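Below is one structure; the comments refer to it alone.
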Protein chains: 2
Amino acid sequence: MTSFTEENYLKAIFHLCENKNGLAVSTNELAEITQTRAASVSDMLRRLSEKELILYKKYQGVTLTEEGKSIALKIIRKHRLWEVFLVEKLGFGWDEIHEIAEELEHIDSKVLTERLDNFLGNPKFDPHGDPIPDEKGNMPSQVSFKLSEAVINTELVMLGVSEDSAPFLQHLDKLSLHLGAKLRVLDVSGYDQSLHIEINKAGTIHISKEVACSILVSKK
Amino acid sequence: MTSFTEENYLKAIFHLCENKNGLAVSTNELAEITQTRAASVSDMLRRLSEKELILYKKYQGVTLTEEGKSIALKIIRKHRLWEVFLVEKLGFGWDEIHEIAEELEHIDSKVLTERLDNFLGNPKFDPHGDPIPDEKGNMPSQVSFKLSEAVINTELVMLGVSEDSAPFLQHLDKLSLHLGAKLRVLDVSGYDQSLHIEINKAGTIHISKEVACSILVSKK
DNA sequence: ATAAAAATTTAGACTAATCTAAAAATTTAT
DNA sequence: ATAAATTTTTAGATTAGTCTAAATTTTTAT
């Protein structure tokens with residue numbers, strides 16, 4: 001059995017690996033996102049390594065074994081399914097769901113997860129546009145890139161966000177930037193790289209480089 | 001903050017007190033239903049007492065303080081709401097939900113609980129007929145008694161069960177004994193106190209004294 | 001290439017929750 | 001009313017997960 005805490009480490013390793021295209025993750029990176037100290041991480045890595053959930057060489061960072069990856073994907077599947085439930089069924093905003101899903105993701109019942117998936121209509125993406133792994137851990141893939149990297153004047157669709165902090169999502173709400181919005185970059189400032197964009201052919205706004213970096217789009 | 005474990009002790013104390021009409025609960029009783037040893041219980045009681053969640057005098061048993069009772073009722077509220085969700089929305093049988101609800105009851109979000117309650121249509125009873133406390137901890141009351149205590153030939157309605165083990169509930173399913181069924185006791189055996197009962201004026205069955213003791217009914 | 005800086009691990013301690021074994025208090029039975 | 005049986009508590013250990021401080025390894029910079 002894997003504890004709540006172990007599951008959180010596996011999930012953290014998975015997400016960090018993903019952002020680095022499979023490169024090993026360092027103790028300090030893990031300490032930062034798990035909000036603990038490097039010493040505690042070292043200790044946990046030793047234990048996870050004994051359980052063969054991670055590949056760990058002292059001082060050399062860590063990656064997941066197939067079994068570790070499988071566990072991480074199950075947690076992520078549950079996290080994202082519960083997020084869909086919270087938004088679609090209970091009417092939560094996308095900025096209110098992360099912390100609750102952090103708890104729900106540890107509920108341990110295969111049959112519950114599968115029934116929930118069906119109840120929700122087998123969604124492929126969560127309310128932030130993140131792909132929901134299937135029962136076997138396969139992720140639906142979606143070709144997207146940062147809005148900040150888009151070619152000017154191309155027609156785009158907003159598919160996701162790469163940050164899910166409440167302040168960021170509330171900021172997007174204020175700007176009427178929602179998943180599915182049709183976007184077009186009109187201009188990029190030479191001064192601060194802020195973007196002038198058109199939304200749904202209905203109006204235009206200015207957004208900072210930081211915001212544009214955390215919005216994921218595809219060509220229409 | 002109360003831990004997962006502390007919440008389980010408070011809940012256990014609440015249920016045991018309820019069954020004894022408010023009398024203090026003993027260390028051994030708690031050890032049995034929490035599946036631990038008396039020594040572990042003693043230790044936990046000392047801690048809960050320091051937090052003023054229970055009234056505890058060494059060797060004299062334990063009752064809940066108002067604050068302890070309030071926490072217990074919140075857990076019970078969540079447990080029973082989630083059970084309704086599992087049955088009404090996800091199609092689980094009443095014999096499959098206890099263990100899952102034991103996990104879900106610890107999810108800590110007031111707003112989630114209230115939205116779930118609304119989503120479910122503010123149910124007053126769970127799938128076993130147990131009353132769901134409201135936000136303030138008030139229980140809807142329902143006058144019921146054991147089927148084993150019913151007067152012969154009286155028209156009755158099945159309102160609940162006082163046991164929720166899967167084998168017991170599956171046994172009731174096999175006998176078509178469901179909440180809301182109209183029952184009438186035709187005869188009680190002088191030999192083993194088994195009951196001959198009529199269900200929904202559609203047929204009759206024989207049930208053991210043990211089963212009849214765990215079925216709650218009211219006069220129609 | 002080696003010294004300084006940064007990252008990581010080890011050592012030793014702490015807390016929550018548990019255990020067994022032994023001691024103490026209460027209850028029961030004669 | 002007192003001895004025996006039962007219940008409960010205490011003492012001392014254990015495990016998971018954390019911490020700080022110190023030691024060690026790796027990386028960076030000259």
Side-chain angles (χ1 to χ4, degrees), chain A residues 1-14 16-17 19-20 23-64 67-68 71-72 75 102-103 105-106 108, chain B residues 1-14 16-17 19-20 23-64 67-68 71-72 75 102-103 105-106 108:
Chain A
M1 266 304 296
T2 50
S3 70
F4 191 104
T5 311
E6 288 171 331
E7 289 182 351
N8 283 338
Y9 273 93
L10 294 175
K11 189 179 52 146
I13 295 166
F14 183 93
L16 287 170
C17 268
N19 289 348
K20 306 170 77 179
L23 269 169
V25 172
S26 74
T27 301
N28 266 356
E29 288 174 293
L30 276 168
E32 189 177 343
I33 77 161
T34 57
Q35 299 276 48
T36 58
R37 298 315 184 106
S40 311
V41 173
S42 270
D43 230 51
M44 179 56 92
L45 294 183
R46 189 180 39 68
R47 290 196 296 269
L48 290 173
S49 186
E50 277 166 19
K51 289 193 172 188
E52 301 188 27
L53 300 175
I54 61 174
L55 297 170
Y56 172 50
K57 279 209 157 183
K58 280 181 196 175
Y59 299 99
Q60 306 305 308
V62 68
T63 54
L64 294 175
E67 198 190 338
I71 294 172
I75 306 298
E102 289 285 302
E103 296 189 50
E105 71 189 4
H106 300 288
D108 177 35
Chain B
M1 265 307 294
T2 49
S3 70
F4 192 102
T5 311
E6 288 170 332
E7 288 182 351
N8 283 338
Y9 273 92
L10 294 175
K11 192 179 48 145
I13 296 166
F14 183 92
L16 287 171
C17 267
N19 289 348
K20 307 171 74 181
L23 270 169
V25 172
S26 74
T27 301
N28 266 357
E29 289 175 292
L30 275 168
E32 189 178 341
I33 77 162
T34 57
Q35 298 276 50
T36 58
R37 298 316 184 106
S40 311
V41 173
S42 269
D43 229 52
M44 178 56 92
L45 293 183
R46 190 179 40 68
R47 290 196 296 270
L48 290 173
S49 187
E50 276 166 19
K51 289 193 172 188
E52 301 187 25
L53 300 176
I54 61 174
L55 297 170
Y56 172 52
K57 279 208 157 185
K58 281 182 195 171
Y59 299 98
Q60 305 304 309
V62 67
T63 54
L64 294 174
E67 198 189 338
I71 294 172
I75 306 298
E102 288 284 302
E103 295 190 50
E105 71 189 5
H106 300 288
D108 177 34

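Sequence lines set the chain letters: A, B, ... in the order given, protein chains first and strands last, and positions in each chain run from 1. Excluded from the calculations below are hydrogen atoms, water molecules and symmetry mates; all remaining heavy atoms, backbone and side chain alike, are included. Just so you know, these numbers come straight off a predicted model, no measurement behind them.
Between A:Asn28 and C:dA6, a side-chain N or O to OP1/OP2 separation shorter than 4.0 Å is absent. A:Lys58 has no side-chain polar atom (N or O) that falls below the 4.0 Å cut-off from OP1 or OP2 of C:dA7. At the phosphate of C:dT9, OP1 or OP2 sits under 4.0 Å from a side-chain N or O atom of A:Thr27.
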### Summary
In 5'-to-3' order, the base (B), backbone-only (S) or no-contact (-) status of each nucleotide in nucleotides 17-24 of chain D, using a 4.0 angstrom heavy-atom cut-off, is SBBBB--B
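In this structure, A:Phe4 CZ and A:Glu103 CD are separated by 6.5 Å, a value rounded to the nearest 0.5 Å. For the atom pair OG1 of A:Thr63 and CG of A:Leu23, the computed distance is 10.0 Å after rounding to the nearest 0.5 Å. Once rounded to the nearest 0.5 Å, the distance linking NZ of B:Lys11 with CD1 of B:Ile75 reads 8.0 Å. To the nearest 0.5 angstrom, B:Ile71 atom CD1 is 13.0 Å from B:Phe14 atom CZ.
Using a 4.0 Å heavy-atom cutoff across all strands shown, B:Gln60 reaches sugar-phosphate atoms only and no base atom.
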List the atom pairs, with distances to 0.1 Å, where a side-chain N or O of residues 44-59 of chain A and a protein N or O form a donor-acceptor pair under 3.5 Å, not counting sequence neighbours.
unit_1: A:Arg47; atom_1: NH1; unit_2: A:Asp43; atom_2: OD2; d: 3.3
unit_1: A:Lys51; atom_1: NZ; unit_2: A:Met1; atom_2: O; d: 3.0
unit_1: A:Lys51; atom_1: NZ; unit_2: A:Glu6; atom_2: OE1; d: 3.2
unit_1: A:Lys51; atom_1: NZ; unit_2: A:Glu6; atom_2: OE2; d: 3.0

Please list every donor-acceptor pair under 3.5 Å in which a side-chain atom of residues 33-41 of chain A meets a protein atom from a residue at least two apart or in another chain.
unit_1: A:Thr34; atom_1: OG1; unit_2: A:Leu30; atom_2: O; d: 2.7
unit_1: A:Thr34; atom_1: OG1; unit_2: A:Thr36; atom_2: OG1; d: 3.0

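A straight line from CG of B:Leu30 to P of D:dT8 spans 9 Å, rounded to a whole angstrom. For the pair B:Arg46 CZ and C:dA17 P, the interatomic distance rounds to 11 Å; values are reported in whole Å. The CD-P distance, from A:Glu50 to D:dT15, rounds to 13 Å in whole Å. Atoms OH (A:Tyr56) and P (D:dT25) sit 13 Å apart, rounded to a whole Å. Atom pair A:Asn8:CG and D:dA16:P shows a separation of 17 Å (rounding to whole Å applied).
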